[in-house]
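All values derive from a computational prediction rather than experimental measurement.
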Amino acid sequence: MMNMETSTQKLPLHGEHLALGARMGGFGGWEVPLYYSTVIEEHLAVRTAAGIFDISHMGEILVDGPGALDFLEKNLPRRIAPLKLRQAIYMPLVNDRGGMVDDIIVYCVGSERFLIVVNAGNIKKDYDWFKGRASGDVSVRDLSPDLGLLAVQGPASQAIITDVFGAYYRDLKRFTYGDFEGGMIARTGYTGEDGFEIMVPKDKLKSVWDAVLRAGPKRGLKPIGFGARDTLRLEAAMPLYGHELDDEITPFEAGLGWAIDLTKPVFPGQPVLKKQKEEGVARKRIGFEMTGRGIPRHGCEVQKNGTRIGWVTSGSFIPVAGGSGRNLGMAYVSFSEAAEGSEIDIIIRGNPAKARIVSLPFYKRK
Amino acid sequence: MNFPENLRYTKTHEWIKADGSKARVGVTEYAQKEISDVVFVELAKKGHPVSQGKAASVIESVKAAFDIYAPVSGTVTDANQALESNPGLVNQDPYGAGWLFELEISSPGDLDSLMTARQYSEFVQSGPQH
């Protein structure tokens, strides 16, 4: 019945998760909390109040040195120069074929000094990618083993951050951060809600975790596992590397064209992406809602009138506050079949189940 | 955990209640806790033959799908339609309203290979890796 991915690395707060009764499981080579109570309760807690997530599996790469700005400007698909101190920017990391090496957030943490947050499964790949392109006046270092990362997300997150860490952080703008305990509190997240991410040296992680869990519950905060992290990001239509994004999919196909600056003359994949932008994409990421019975899952085939038109990248039951929930998914389908409202079939355990293409995101906060 | 005495159990955490050649099947208290929120059940197909130890139905939690295996060989005579609109019954009442399917047993000897409540209880306590 149970078939859990085998996993090796433990989070710095492993013991805290066990103490809270977490069901542990594998994610990208890490043993992580899947849920503490239930995925549904945790999903709804973040939508209606707040949750705290331990996302210390994420990687951090520091790029600094006299040539750091020039280096990133040449290798990233958005302009870095306009980024001011304590500002951040999201983008895909693009390979020479126009495919995506990863999706990243670049934080400007000093003059000629940038911290790049990368996906856990891609730490080595991204490090090698940056290192392989860096010349003498740029240093590339993997700080992942030294840093921990927590997220506090949800409509009550601002009040909780203010309660615990003070009013200084209350007015942070989206994609900016404030200095905190040798790290930062940033207004970023991966849930579709307002929220904060707290990055600190590993030895300070437990005190931050404890402080939020002491003060947060009176505002409805709960610890949230990776199960709800996935349903929240799926409902908000945020891509997950290895599902919606990979080395062979381009940002335009993925709907991330807004995070590509084609007015930049030089960056890896620029000529390929420029051509694709002019000619249009052959396939694109869509969202769909099941109208028939069944839950779509990663890898399910998508058909139209019995012909394969694409594949499901993510799918799940998604809880709805005060309702019974919806079965939603994202997929890549042929551009000609991607019209909203179109009826498609998802092949679940060999049988077609009806679905309808709908606009993304499925959920947008008010 | 509650494992009723009048049921027989499988190592894959199904229970079966036999009455002559007829039987009702569901998943155990242990299984529903392990699966967590049941949000979808693909019902066994009425009239279809099933083989002992082979998948007959599917239960899905938010994040994963779990095959449910037939404890004995036979033919499916009914499936619990209430689970289509209320799959959470599997969590709330796994031995009662959350039953999965009924079957006509083809080889009654299959029952002898199944665990008693006491054996199953020991099996569950012996470790989490099944």
N-O pairing of A/Arg297 and B/Glu60 below 4.0 Å: yes
Is the count of non-hydrogen atoms from other residues, nucleotides or ligands lying under 6.0 Å from [X] atom [atom1] greater than 12?
X: B/Arg118; atom1: CZ; answer: no
X: B/Asn6; atom1: CG; answer: yes
X: A/Lys304; atom1: NZ; answer: yes

Atom pair [atom1] ([X]) and [atom2] ([Y]), whose distance is rounded to the nearest 0.5 Å:
X: A/Glu42; Y: B/Asp37; atom1: CD; atom2: CG; value: 9.5 Å
X: A/Leu34; Y: B/Lys63; atom1: CG; atom2: NZ; value: 9.5 Å
X: A/Ile295; Y: B/Ser61; atom1: CD1; atom2: OG; value: 7.5 Å

Per-residue tally against chain B (heavy atom, under 4.5 Å) across A/Ser324, A/Gly294, A/Pro319 peaks at A/Gly294
(Q) Would the distance check show the side chain of A/Arg23 and the main-chain N or O of B/Ser36 forming a donor-acceptor pair, the cut-off being under 3.5 Å? (A) no
Note: A/Arg349 and B/Phe40 closest approach over all heavy atoms is NH2-CE2, 3.8 Å
The interface call for A/Arg293 against chain B, heavy-atom contacts under 4.5 Å, is both
Bottom line for A/Thr38: the part with an atom under 4.5 Å from chain B's heavy atoms is both
Is there a side-chain contact between A/Ile318 and B/Val62, using heavy atoms and a 4.5 Å cut-off?
no
Honestly, the part of B/Val27 sitting under 4.5 Å from a heavy atom of chain A is neither
